[in-house]
Amino acid sequence: MRIRHVTLAPGEKNICVSLMSETWALLLEEIRSLPLKKIDILEWRVDQYRDKDDMEAITETLRLLRQEIKEIPLIFTYREQTREHEDACFHLYEHVLQEDGIDFIDLEQSYPVEKIRELVTQAHQKGVFVIVSHHDFVGTPDREWIGHYVKRAVDLGADVVKLAVTATTPEEVLRLWETTYLLSRANDVPLMTMAMGHLGRFSRIGGHVFGSCATFASGQRCSAPGQLPVADVYRLYQMLADE
Ligand SMILES: O=C1C[C@@](O)(C(=O)O)C[C@@H](O)[C@@H]1O
């Protein structure tokens, strides 16, 4: 699968970095502080943005953001798992899908099925790809759960399936890698998998070997525990590539 100049396929060493600022002025400073040439995909974590309920501000910020990041693929993510924020989140996604400039939206698999389907339809009509995500901030689900999850996400219309778990033991890293390896060979839809936490750091530099199509690294701020700085991940990837 190709988005602008980026290929999302098992084994690709794509680096995603999240933009975490609260205002446009800070976002601009954040973008300018990043080594953009080392970044394949940017994620705008709009849940961190102060004016996220102001649709005009969102439209304008997106326009400026796109100007600044040029051709870098952009994921638009409102990371909220509480029910009370869901309406605001769906409203925002619907709004942004009428605008230009985003390449992906990220939808949590726990959202109501009907809503996911509606947003998938709207996104696809607009030529925007959908990442269906699951986050486990406590541990790593068992193999069977992960298998069902990936199948369900594909059935819901995901173009990419993301799984971010927490690794509390080495066995959980192994389980994530093993399931990523098997499921990436069994599905045409690219998988992005990673583990959070200290042990999860290994999954963030070795995931591509097991079939993940991208990893998340930290820019100005981490957007999840265990992310390594983007320049370090880039350097490691170069070291792994030259043999
Ligand atoms: O889903 C993900 C992955 C992530 O949670 C991580 O563990 O790196 C970071 C989030 O910003 C992103 O939306």
Side-chain angles (χ1 to χ4, degrees), residues 3 8 13-22 27 30-31 34 39-49 52 65 69 72-82 85 89 92-93 96 102-111 116 119 123 128-141 146 149-150 153 158-168 172-173 175-177 179-180 189-208 210 212-230 232-234 236-237:
I3 304 91
L8 287 186
K13 295 198 278 300
N14 289 308
I15 304 179
C16 308
V17 169
S18 308
L19 300 171
M20 301 286 288
S21 297
E22 288 168 21
L27 261 180
E30 181 177 14
I31 296 165
L34 294 175
I39 297 174
D40 301 290
I41 301 176
L42 283 165
E43 172 185 59
W44 182 15
R45 280 285 304 267
V46 71
D47 47 284
Q48 304 290 311
Y49 202 59
K52 56 183 166 293
L65 185 57
I69 66 172
I72 302 179
L74 183 65
I75 308 173
F76 183 89
T77 305
Y78 190 129
R79 179 78 54 236
E80 260 314 336
Q81 285 178 295
T82 51
H85 285 102
C89 164
L92 189 52
Y93 278 125
V96 89
I102 56 171
D103 299 289
F104 302 90
I105 53 168
D106 182 307
L107 303 177
E108 278 291 330
Q109 62 94 19
S110 58
Y111 293 159
I116 297 182
L119 288 168
V128 169
F129 295 104
V130 177
I131 303 175
V132 170
S133 292
H134 175 73
H135 290 76
D136 187 327
F137 294 101
V138 179
T140 302
I146 296 174
Y149 159 61
V150 171
D159 301 294
V160 178
V161 181
K162 169 140 45 85
L163 178 62
V165 300
T166 299
T168 58
E172 288 183 324
V173 180
R175 198 187 312 153
L176 179 71
W177 274 344
T179 47
T180 301
V189 172
L191 306 180
M192 276 183 195
T193 68
M194 68 284 301
M196 295 182 273
H198 195 70
L199 275 173
R201 292 180 308 166
F202 294 95
S203 72
R204 294 177 182 275
I205 48 180
H208 62 280
F210 301 96
S212 178
C213 70
T215 194
F216 274 75
S218 59
Q220 221 177 33
R221 268 168 65 195
C222 285
S223 64
Q227 288 176 345
L228 297 164
V230 56
D232 294 340
V233 176
Y234 183 85
L236 273 167
Y237 278 177

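Whatever order the structure lists ligands and atoms in, that order sets their numbers, starting from 1.
- Polar contact with ligand 1: present for R45 (N/O pair, distance under 3.5 Å).
- The closest approach between M192 and ligand 1 stays at or above 4.0 Å for every heavy atom of the residue.
- Atom numbering of ligand 1 starts at 1 in the shown order; those under 4.0 Å from a heavy atom of Q227 are 6 (C), 8 (O), 9 (C).
- The nearest heavy-atom contact from the protein to atom 1 (O) of ligand 1 is K162 NZ, 2.5 Å.
- Of the protein's non-hydrogen atoms, the one nearest atom 7 (O) of ligand 1 is R204 NH2, 2.8 Å.
- For E30 (side chain) and M20 (main-chain N/O), a donor-acceptor pair under 3.5 Å exists by modelled atom type.
- In this structure, W177 and F210 have parallel ring planes: the angle between them is below the 30° cut-off, well short of the 60° mark.
- In this structure, atom 11 (O) of ligand 1 lies nearest to the protein heavy atom E43 OE1, 2.6 Å.
- In this structure, the protein non-hydrogen atom closest to atom 4 (C) of ligand 1 is A224 CB, 3.8 Å.
- Any N or O atom pair closer than 3.5 Å counts here, and S133 shares no such pair with ligand 1.
- In terms of heavy-atom proximity, A195 sits nearest to S203 at N-OG, 2.8 Å.
- For D47, the side-chain contact (heavy atoms from CB on, under 4.5 Å) partners are R45, Y78, R79, not counting sequence neighbours.
- In this structure, S18 counts as a contact residue of ligand 1, since one of its heavy atoms falls inside 4.0 Å of the ligand.
- When all heavy atoms are compared, the tightest approach of S212 to T193 is OG-N, 3.1 Å.
- The side-chain contact (heavy atoms from CB on, under 4.5 Å) search around A153 returns V132, Y149, A158, V161, not counting sequence neighbours.
- Geometrically, ligand 1 and D106 share no nitrogen or oxygen pair separated by less than 3.5 Å.
- Screening V96, V128, L65, I131 for a side-chain contact (heavy atoms from CB on, under 4.5 Å) with F76, the sole residue that qualifies is V96.
- Within the listing of ligand 1, atoms 9 (C), 10 (C), 11 (O) sit less than 4.0 angstrom from a heavy atom of S223.
- One finds the OG atom of S21 at 7.0 Å from the CZ atom of R221 (value rounded to the nearest 0.5 Å).
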